[in-house]
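All chains are named by letter (A, B, ...) in the order of the sequence lines, taking the proteins before the strands, and each is independently numbered beginning at 1. Source: prediction; values computed, not measured.
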2 protein chains.
Amino acid sequence: MYVTIVDIANALGLSTSTVSRALSGDSKNVSRETEKMVLEAAERMGYVRNELAVNLRKSRTMTVGVLVPELSTDFYNNFIAQIQPELQNLGYRIIVALSNEDERRERSNIGLLSDFRVDGILLSCCSNTANTDILSDLIRKKFPLVCFDRTIKGLGCSCVRSDDYKAAFFLMEHLIYSGRRHIAHFAGPGHIRNSEDRLHAYVNTLSKHGIPYDPALIVQHGLNPSDGAEEINFLLDQGITVDAVFCFNEMQAIGAADALQKRGFRIPEDVSVASMYGTTVSTLVKPAITSVEKPVEKMAKEAARIIVSRIENPDAPVEDVVIPSQMYIRESSDIVFKSV
Amino acid sequence: MYVTIVDIANALGLSTSTVSRALSGDSKNVSRETEKMVLEAAERMGYVRNELAVNLRKSRTMTVGVLVPELSTDFYNNFIAQIQPELQNLGYRIIVALSNEDERRERSNIGLLSDFRVDGILLSCCSNTANTDILSDLIRKKFPLVCFDRTIKGLGCSCVRSDDYKAAFFLMEHLIYSGRRHIAHFAGPGHIRNSEDRLHAYVNTLSKHGIPYDPALIVQHGLNPSDGAEEINFLLDQGITVDAVFCFNEMQAIGAADALQKRGFRIPEDVSVASMYGTTVSTLVKPAITSVEKPVEKMAKEAARIIVSRIENPDAPVEDVVIPSQMYIRESSDIVFKSV
DNA sequence: CCAATTCCCGCAAACGTTCCCGAAAGTATT
DNA sequence: AATACTTTCGGGAACGTTTGCGGGAATTGG
């Protein structure tokens, strides 16, 4: 079906070695003329090189697997869109696998990727990844693994993440400076580092500004708009006073804002809403949601750099790069603007 | 680095053939005991089978390439999320490549996928795909290729798409039945079938209802919110009367709605806005945008079925399945509701 | 007890490359 | 003119697996 270097060699009366060398541009081991001849024949005969055989021989695939929990968030598909050309420039292709926030599928995907002999894996674990045995196994074997965005504590692998703590801190200070005292926090899934960082920031910012910390204001439920609505209603139904909501993600914030408006609250006059890591959706919605944005391009660049450095040198030092985010104050919390 | 069947064979004093057979469950050529022995040894020694070698030997990769123009739209990432388990059930894995709406990258990605010897390609071409020579080449070679969503006319390959014509038709009738006569159309990129179908539906629905067709009401610009805003402003600045906007996509519609409101128009009282193929964003925005929704799961199911049928039988008949969509009337055009 | 099956298993070739090694010829150095 | 080096090429093993073929041992039937 396909034409191989053997066919070319036969057609030209050369050996496969020479053809192989000509094709891979090993110019100092093959004469100008034969090289040209081979290249032309290859073109004419419609040769496409079989990467399978190359990889088998070289035991490298020049491929990195990107394993993400989902693709529906802007962050992940932007990240993938950014990292692909980045790695392509470095000579690597990517293969994307997704776990749909299901730990079992995450495990099976890791198996799939290593079956495929990818040279490295870029991982953002799913929200309920509990047992990290396969991961530590990979790391022990010095397999190039780098975590991004959602990282796991105590796993001795390189990771690139945004500075959740600082971002959450600034967001909280913004709310506090605009006069809010009863700030609810809709938390994220328990064990991933991001949730913890944000929660710590929440607590610490309150204490820094001498605002009493009330555990009842922290709700942990889900990540969708409907969850956000439920969470705010849960608080209000108990008669708890809330003048600001600090959400784990954009979707929660949108749902909460909607529910608040339905109950007659004005945003931001009565209640401010802010969220971590908004995307374009935050700007399209009314009111537009105040949020911090993750520096996707930078994260992709760093992740690409680190993974190939690990691939090319398994003993490269473990890196933990954190990349600062940018806050965008929008209508949902822009009290100063409104009061002017 | 990795343990192979040779290692297992040596450790057990067997031949590689036997080990291979035991591992691949060829139970009638290997005794119960040896099979058990091999399986245990494999487990114990941490054997993972090298798919590269398998594929080289079998000249199959059990992989289908999914080539999409982008990942940021809900449709594409949903499609991928849906098709992955679908194909996994059929024994295939997927590798995702994206062209970023760039024809050159599309071409190079097709090269990449065929280098990789994927068994088939699922393609949604990018908006400016002009020369289809490589595609017809693939088809001529009986390479399993199926187009989805964005299809190209005259290419003799199987495709699965939604019924753009009918969907656009119903959307238009909905606008007309609610009393609209000056309906603008924000068109899509020229040569892809979808744009054409929608435009035809636009024209035909008007004529069916005896509404004069005014070319000035058709604008073709871009696909983003800002484009939608520009397009509506372009019309209004000329003094053209518009009482409804029929958009190619959701983002245009959101931008247009926003621009209309900024100019003091009420939606839907003064102007209705409707769009093809909205996603959850359409429901989050205010006003929520009336749209038709693509049946992603069904499309993914069909695409999976067709591609493997072609892989397993290259002479399978060419199929062109169209899948009906569902209209959701939302605030942006819900005049009946408002007037009651 | 012999012939015909059946059951296991090993041998070796094959998939399409790459790359080490050596051969032959030419070129430069002494 | 002998030596050393360079250039160009072919031979052949190797990557890890599958699989057709053949053969010896065990089982069966008469």
Would you give the length of the straight line joining atom CD1 of Ile95(B) to atom CZ of Arg93(A), rounded to the nearest 0.5 angstrom? 7.0 Å
May I ask you to verify if any side-chain N or O of Ser17(B) is less than 4.0 angstrom from the OP1 or OP2 atom of dG10(C)? no
Need one value for Ser20(A): base, sugar-phosphate or nothing, where a base atom within 4.0 Å counts as base even if backbone is also close, heavy atoms only. base
Applying side chain to side chain donor-acceptor pair (under 3.5 Å), run through Ser17(A) and Ser20(A) and close with a yes or a no. CA-CA 5 Å; Ser17(A) 336; Ser20(A) 168; over 6 Å; no
Quick check for you: to the nearest 0.5 Å, what is the distance between Ile83(A) atom CD1 and Ile307(A) atom CD1? 8.5 Å
What is the separation between atom CG on Asn50(A) and atom C1' on dA14(C), rounded to the nearest whole Å? 14 Å
List the steps, then state whether salt bridge (Lys or Arg N to Asp or Glu O under 4.0 Å) holds for Arg193(A) with Asp149(A). CA-CA 9 Å; Arg193(A) 189 195 186 113; Asp149(A) 194 45; over 6 Å; no
Using chain A heavy atoms and a threshold of under 4.0 Å, write down where along DNA chain D the contacts begin and end, 5' to 3'. dT8(D) to dG16(D)
Could you tell me whether the side chain of Ser99(B) and the main chain of Asp102(B) form a donor-acceptor pair under 3.5 Å? no
Arg21(A) has an atom CZ; how far is it from atom P of dC20(C), in whole Å? 10 Å
Both Thr18(A) and Val30(B) contact DNA chain C. Taking the nearest nucleotide for each, which residue is further toward the 5' end? Val30(B)
Asp119(A) side chain vs Met62(A) backbone, donor-acceptor pair below 3.5 Å: yes
In whole angstroms, the gap separating P of dC7(C) from CD of Glu35(B) amounts to 15 Å
Less than 4.0 angstrom between a side-chain N/O of Thr34(B) and OP1 or OP2 of dC9(C), yes or no? yes
If I take atom CZ in residue Arg57(B) and atom P in nucleotide dT17(C), what distance separates them, rounded to the nearest angstrom? 16 Å
Separation of Arg305(A) CZ from Leu87(A) CG (nearest 0.5 Å): 12.5 Å
Answer with base, sugar-phosphate or nothing: what part of the nucleic acid does Arg49(B) contact at a heavy-atom distance below 4.0 Å? sugar-phosphate
As a check of understanding: the bend across the helix from dC1(C)-dG30(D) to dT30(C)-dA1(D), end axes from five pairs, rounded to 10 degrees, works out to 40°
Rounded distance in Å - CZ (Arg60(A)) to C1' (dC19(C)): 16 Å
Take the protein atom CG of Asn10(A) and the nucleotide atom P of dT17(C), then report the distance between them rounded to whole Å. 13 Å
Side chains of Tyr92(A) and Thr63(A), donor plus acceptor under 3.5 Å: no
Using heavy-atom distances to pick each residue's nearest nucleotide on DNA chain D, tell me which of Arg117(A) and Ser15(A) is more 5'. Ser15(A)
Counting only side-chain nitrogens and oxygens, does Tyr47(A) get under 4.0 Å of the OP1 or OP2 atom of dT17(C)? yes
Distance criterion of 3.5 Å, no angle test: do you see the side chain of Thr4(A) paired donor-to-acceptor with the base of dC15(C)? no
Could you check how far CG of Asn29(A) sits from P of dC21(C), rounded to whole Å? 13 Å
Which is more 5' along DNA chain C, the nucleotide nearest Thr16(B) or the one nearest Ser27(B)? Just name the residue. Ser27(B)
Testing the basics here: between Ser158(B) and Arg310(B), what is the closest heavy-atom pair and its distance to 0.1 Å? OG-NH1, 3.6 Å
Take atom CG of Leu52(B) and atom C1' of dA14(C), then tell me their distance rounded to the nearest Å. 17 Å
Donor-acceptor pairs are to be reported for all side-chain atoms of residues 38-55 of chain B against protein atoms at under 3.5 Å, with residues two or more places apart or in another chain.
unit_1, atom_1, unit_2, atom_2, d
Asn50(B), OD1, Leu52(B), N, 2.8
Asn50(B), OD1, Ala53(B), N, 3.4
Asn55(B), ND2, Glu51(B), O, 3.0

